[in-house]
Every structure is written in structure tokens, then in C-alpha cells.
Amino acid sequence: MRGMAPTALMSRFGESVTANAFRSYLAEFISTFFYVLAVVGSAMSSRKMLPDAAVEPSSLVVVAMCNTLALATAVYISASISGGHVNPAVTFGKAVGGHISVPTALFYWTAQMLASVMASVLLKAATAGQAVPTFRIAGEMTGFGASVLEAFLTFALVYTIYAAGDPRHGQIGAIGPIAIGFAAGAGVLASGPFSGGSMNPACSFGSALVAGTFKNQAVYWVGPLIGAAVAGLLYDNLVFASPAAAAADPSRGMSAGFGV
């Protein structure tokens, strides 16, 4: 019994360094790179076009639309290879729920974080050193309040991801990524002026690192990770649990759908 745990750990690590696994990491890198490039780039564009983008409603709409389109595209292009996580919070929720192993989740995180940093570096270099915008909380809000808001928004996003990838809903096709994009866009519209509407630790981290400021960075990790984990556990075990299917196939949901 004593040697079983190390053996199981090595087995899981071995599954995380196969050729197919590295294809998944590359897919996550590419999709996350595109997503962050579009989202952070849209914030930079609106700031360039508008005299005071911070208080201009149209700026919020532009960023929300970009989130919708970019996330839908990023999920679509990587869903069949990596599950289309494009977000460390999604990966964390899947790891907590047992859909992927911890070593695989760590490799996913590495790919996502590296992609976000490189996308932010590219934006800064390509725009001749313009400042990369970061996610910020409103002055009247506390870090706790912003974390709670980010947690609920990420809960809604990840819950949508689970529903969009549920094979019991039939063949969803391209509609799934569109629904996921809509959930992200709605979250930005609802929270942009308050917490920035990140819902994605990688996006927050990459822009913060390149900008050189990590103020309130914990808000964009604690809230989304908790929200994603609760969403996955709730969907899998309470709301849409299928005990008979789970007993017949313990790997239910592991090979199909989004975010798996």
C-alpha cells in the first residue's frame, strides 16, 4: 500500500509528458495567446481612440464584444485538442473535479501563463512602448468585494463551459463556444467598472507582469479559482449529476466537450 501513491503519481506524470499531451499544451498556448492579444489589445485600442476611455461607456462595450468574440474563437480552435480551457481557473476547476490530473493541470497553467506574458510583451513592443493596461478594482470597492464579484462571474462562465460541453445536450458544435463567449462578454459588461471583469488569472497576470504592477493581483486569482471549482463540483455532482453513467464509466466527460 505504501508504494501505491508514488506509483500512481508517476503514472499520472507519465501521461502528462506524452506527444498528445504536448499537443494539448501547444493548443492551449496558441488559443490563450490569441485571446489575451485580442482582449488586452482591445483595451489599448479603446484607450487610443477615446480621450477618456476609463469613463466612456462605449469603451466598455468594445472590450466586452472583444471578449465575446475572442473567447468563442479561442475555445473553438482548441476544444478538440486540449478542451479549450484558455483560462487557469477552468483548468483548476477540472483538476479539482478529477477530469484532469494535477501534473497535466500544471503544464496547462504554464502554457497559459507563458502565452499571456508573450502576448502582452508583443503588444507593448508592437505599439512602440505604449503602456499595457491592467485589471483594476474601483476605488470604492474592497479587495474582498472584488474577489467575490470575480468569483461569481467566473462561476457563471465555467458553469456555461460545463453545460456547453455536456454530451447529454446533444451535438452542440459551434454553438457551444459562442455561448461561452457570450457568458464572458456579459461578465465584462456587468463588472467592468468595478473589478475589470477579468475571470481569467492568466490574462490578469500577463498584463500585470509586463506593466510592472501587481496591485490587487490576488483578487484575480482567489475569486476565479474558487468560482471555477464550485461551478464544476456543483454541475458534476448536484445539478446535472448522472450516478448511473458515472458508475458505468468513471471517466465520464473526460474525452468530449469543452474544458476537458
Side-chain angles (χ1 to χ4, degrees), residues 20 23-24 26-39 41-42 60-95 97 99-100 108 111-112 115 150 152-192 197-200 202-203 224 227-242 245-246 249 251-260:
N20 283 336
R23 287 177 60 245
S24 296
L26 179 60
E28 280 296 304
F29 176 89
I30 293 172
S31 58
T32 306
F33 181 91
F34 167 75
Y35 173 72
V36 175
L37 186 72
V39 169
S42 69
L60 176 63
V61 175
V62 166
V63 175
M65 288 180 60
C66 185
N67 266 270
T68 300
L69 299 173
L71 185 57
T73 303
V75 170
Y76 183 80
I77 63 177
S78 60
S80 61
I81 304 172
S82 66
H85 292 200
V86 200
N87 188 333
V90 176
T91 301
F92 181 75
K94 288 294 179 179
H99 290 275
I100 62 173
Y108 267 54
Q112 293 158 351
E150 286 288 321
F152 276 98
L153 292 170
T154 309
F155 174 92
L157 174 62
V158 175
Y159 198 87
T160 302
I161 290 173
Y162 271 79
D166 193 336
R168 290 171 290 184
H169 290 171
Q171 188 64 32
I172 298 178
I175 300 300
I178 292 174
I180 294 169
F182 280 167
V188 173
L189 287 174
S191 66
S198 170
M199 300 167 281
N200 189 320
C203 192
V230 173
L233 292 173
L234 188 66
Y235 191 96
D236 271 347
N237 298 294
L238 291 177
V239 181
F240 290 100
S242 179
D249 182 11
S251 63
R252 174 177 57 87
M254 290 288 287
S255 60
F258 306 106
V260 296

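Below, each value reflects all heavy atoms present in this structure, side chains not excepted, and no hydrogens, waters or symmetry copies. Numbers here are sequence positions counted from 1.
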Flag side-chain contact, heavy atom, 4.5 Å: [X] against [Y]:
{"X": "L157", "Y": "L71", "result": "yes"}
{"X": "I30", "Y": "S78", "result": "no"}
{"X": "S82", "Y": "Y108", "result": "yes"}
{"X": "D166", "Y": "Y235", "result": "yes"}

* Identify, with sequence neighbours excluded, every residue that meets ring pair (Phe, Tyr, Trp, His ring centres under 6.0 Å) alongside F155. =>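 With sequence neighbours excluded, F155 shows a ring pair (Phe, Tyr, Trp, His ring centres under 6.0 Å) to Y159, given in chain and number order.
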Minimal non-hydrogen separation, [X] against [Y], with atom names:
{"X": "T73", "Y": "L69", "answer": "OG1-O, 2.8 Å"}
{"X": "G197", "Y": "V188", "answer": "O-CG2, 3.6 Å"}
{"X": "A115", "Y": "T32", "answer": "CB-CB, 3.9 Å"}

* Aromatic ring pairing Y162/H99, orientation class (parallel under 30°, perpendicular over 60°, tilted between) ->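 Ring orientation of Y162 relative to H99: perpendicular.
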* Residue pair N20, I81: steps toward the side chain to side chain contact (heavy atoms under 4.5 Å, CB included) verdict -> CA-CA 9 Å; N20 283 336; I81 304 172; over 6 Å; no
* Listed partners of A74 passing side-chain contact (heavy atoms from CB on, under 4.5 Å), at least two apart ->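 Expected list: S31, F34, Y35, V86.
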* State whether the side chain of E150 and the backbone N or O of M199 hold a donor-acceptor pair below 3.5 Å, judged by distance alone. =>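 Checking the backbone N and O of M199 against the side chain of E150, a donor-acceptor pair under 3.5 Å is found.
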* Does the side chain to side chain contact (heavy atoms under 4.5 Å, CB included) test come out yes or no for N87 and Q112, once each step is laid out? -> CA-CA 7 Å; N87 188 333; Q112 293 158 351; 5.6 Å; no
